Amino acid sequence: MFVIIEISCVPTLCTSYCSYHPTSPLSRGAVNLPRAQLAIAGHVDCPSKLSQAPISRPLHASPSINTKDHNTHRSIDHISDRMFKKEITTAPKSKLKSSVQRGLRQSLLATYPLLNPYIDEILPKKGSLEAMKLPDRCTLYVLDAQPLFFQHDVSATLLPHLRLVHRFPAAFPSIRIDRGAIRFVLSGATLMAPGLTSTGGRLPSGTGSIEDQGLDDDDRWTRELEKGEPVVVRAEGKIEACAVGFLVMGTKEVKEKGKGPVIEDAHYLGDGLWKLTTD
């Protein structure tokens with residue numbers, strides 16, 4: 001059964017989004033993008049009967065996530081409700097002490113070791129990293145007006161801003177969704193397993209390790225990813241990543257079950273964080 005419910009729309013203007021919708025009016029200007037869509041069964045969370053209420057996992061509410069540490073990945077109990085689905089107002093920035101910058105640099109490399117060759121470009125030792133406080137205890141880190149990464153409290157795992165991912169795409173563990181899941185991810189819906197296990201999706205091959213990981217010839221990340229790890233979401237037929245978030249199910253389990261939510265809250269192209277002005 002194919003069911004789509006459009007709840008409301010917000011105007012969005014996003015250059016990179018054009019690559020996902022080349023025929024969209026977005027390539028010529030603003031476009032109305034659905035605020036929330038309950039989509040085809042298999043790609044996003046969808047109630048089996050529209051007459052049943054309340055919906056078990058509505059798009060405006062996220063269930064409690066209780067994920068313990070996985071190596072360097074700390075608890076994600078307090079992920080913001082729907083992340084950055086709403087517009088975000090620009091806030092003042094504050095410069096960080098050198099000791100704080102060093103700590104963030106170490107944390108970033110511990111979580112994303114493949115960034116090591118580029119770390120001096122991302123966080124120059126003499127650079128002036130700034131912090132911008134956002135709603136829901138979130139902090140965005142900015143360098144020379146360029147957003148780099150963010151976290152949902154001082155003890156949370158750092159997540160890369162999509163603009164940083166686009167600069168260094170091979171440095172972040174990733175999964176790939178099929179074409180059918182793209183529009184739902186770009187509306188902030190929960191990413192479900194079938195969007196990854198289908199022919200166009202790509203889950204890790206499991207042939208690599210932390211010391212030896214990356215994309216293989218079949219466009220699959222070589223290391224299996226654990227529940228609670230940060231992951232970048234790529235899309236079938238597209239060059240740039242479209243989202244980044246935390247796994248609520250390990251990739252090995254996704255392959256075994258073939259159903260259920262994989263990423264419930266993500267920073268995605270066109271959301272409030274992507275459109276936030278940082279200069």
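It should be emphasised that the depicted structure is a prediction, and the values quoted were computed from it without experimental measurement.
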Query raised in the report: Quick one: does Leu148's side chain get under 4.5 Å of Leu123's, heavy atoms only?
Result: yes
Report task. Decide whether Asp178 and Ser198 meet the rule of one side-chain donor and one side-chain acceptor closer than 3.5 Å. Result -> yes
Query - Which atom of Ala266 lies closest to which atom of Ala243, heavy atoms considered - result: CB-CB, 4.3 Å
Query - Rounded distance (nearest 0.5 Å) linking atom CD of Gln151 with atom CG of Leu158 - result: 4.5 Å
Query raised in the report: What distance do Leu273 atom CG and His161 atom NE2 have between them, rounded to the nearest 0.5 Å?
Result: 4.0 Å
Query raised in the report: Side-chain contact, heavy-atom cut-off 4.5 Å: Arg179 with Glu236?
Result: yes
Report task. Output yes when a side-chain donor or acceptor of Thr111 lies under 3.5 Å from a complementary backbone atom of Leu108, and no otherwise. Result -> no
Report task. Evaluate side chain to side chain contact (heavy atoms under 4.5 Å, CB included) for Lys125 paired with Arg102, printing each intermediate quantity in order. Result -> CA-CA 8 Å; Lys125 293 182 179 180; Arg102 287 195 297 270; over 6 Å; no
Report summary line: Only residue of Phe172, Phe168, Tyr141 satisfying ring-ring contact (aromatic ring centres under 6.0 Å, His included) with Phe149 is Tyr141
Query raised in the report: Is NZ or CZ of Arg202 both nearer than 6.0 Å to the six-membered ring centre of Trp221 and within 45° of the ring axis?
Result: no
Query raised in the report: Given side chains that start at C-beta, do those of Leu129 and Val142 come closer than 4.5 Å, heavy atoms only?
Result: no
Requested in this report: Verify the distance criterion only: is there a donor paired with an acceptor across the side chains of Lys133 and Thr139 at less than 3.5 Å?
Outcome: yes
**Report entry** Worked verdict on Val185 versus Ile263 for side chain to side chain contact (heavy atoms under 4.5 Å, CB included)
**Finding:** CA-CA 10 Å; Val185 169; Ile263 300 177; over 6 Å; no
Query raised in the report: Do Pro160 and Tyr112 have side chains that get closer than 4.5 Å, going by heavy atoms?
Result: yes
Report summary line: Sorted by chain and number, sequence neighbours left out, side chain to side chain donor-acceptor pair (under 3.5 Å) with Asp218 holds for Arg220
Query raised in the report: Got more than 12 heavy atoms from elsewhere within 6.0 Å of NZ, Lys255?
Result: yes
Report task. To the nearest 0.5 angstrom, please state how far the NZ atom of Lys93 sits from the OG atom of Ser128. Result -> 9.5 Å
Query raised in the report: Which value, rounded to the nearest 0.5 Å, describes the distance between Asp217 atom CG and Thr222 atom OG1?
Result: 11.5 Å
Report summary line: Interatomic distance, CG@Leu134 vs OG1@Thr89, rounded to 0.5 Å, equals 10.0 Å
Requested in this report: Answer yes if the side chains of Glu224 and Thr251 hold a donor-acceptor pair under 3.5 Å, and no otherwise.
Outcome: yes
Report task. Could you label the plane-to-plane angle of the Phe84 and His267 rings as parallel, tilted or perpendicular, counting under 30° as parallel and over 60° as perpendicular? Result -> perpendicular
Requested in this report: Take Leu215 and Ser174 through the test side chain to side chain contact (heavy atoms under 4.5 Å, CB included) and record every step on the way to the result.
Outcome: CA-CA 8 Å; Leu215 287 175; Ser174 64; 3.9 Å; yes
Query raised in the report: Taking the side chain as C-beta and beyond, is there a heavy-atom pair between Pro204 and Leu225 under 4.5 Å?
Result: yes
Query raised in the report: Is the shortest distance from a Lys or Arg side-chain nitrogen in Lys275 or Glu87 to a carboxylate oxygen in the other one below 4.0 Å?
Result: yes
Report task. Starting at CG of Leu269, measure out to CH2 of Trp274 and round the result to the nearest 0.5 Å. Result -> 5.0 Å
Query raised in the report: So, for Tyr118 and Ala171, which heavy atoms are closest and what is the spacing to 0.1 Å?
Result: CE1-CB, 4.4 Å
Query raised in the report: With the threshold set at 4.0 Å, does a side-chain nitrogen-carboxylate oxygen contact exist between Lys126 and Asp120?
Result: no
Query raised in the report: Quick one: are Val233 and Val244 in side-chain contact, heavy atoms under 4.5 Å?
Result: no
Query raised in the report: Would you say Leu159 and Phe246 make side-chain contact, with heavy atoms under 4.5 Å?
Result: yes
Query - Carboxylate-amine/guanidinium proximity below 4.0 Å for Arg234 and Asp219 - result: yes
**Report entry** Evaluation steps, salt bridge (charged side-chain N to carboxylate O under 4.0 Å, His left out), between Glu121 and Arg167
**Finding:** CA-CA 11 Å; Glu121 180 180 351; Arg167 288 171 60 192; 3.8 Å; yes
Requested in this report: May I ask you to test the Pro173-Arg223 pair for a side-chain heavy-atom distance under 4.5 Å?
Outcome: yes
Query raised in the report: Does the pair Glu130 and Leu143 meet the rule for a side chain to side chain contact (heavy atoms under 4.5 Å, CB included), with working shown?
Result: CA-CA 6 Å; Glu130 297 177 299; Leu143 181 67; over 6 Å; no
Report summary line: On a heavy-atom basis, the closest approach of Pro261 and Val248 is O-CG2, 3.4 Å
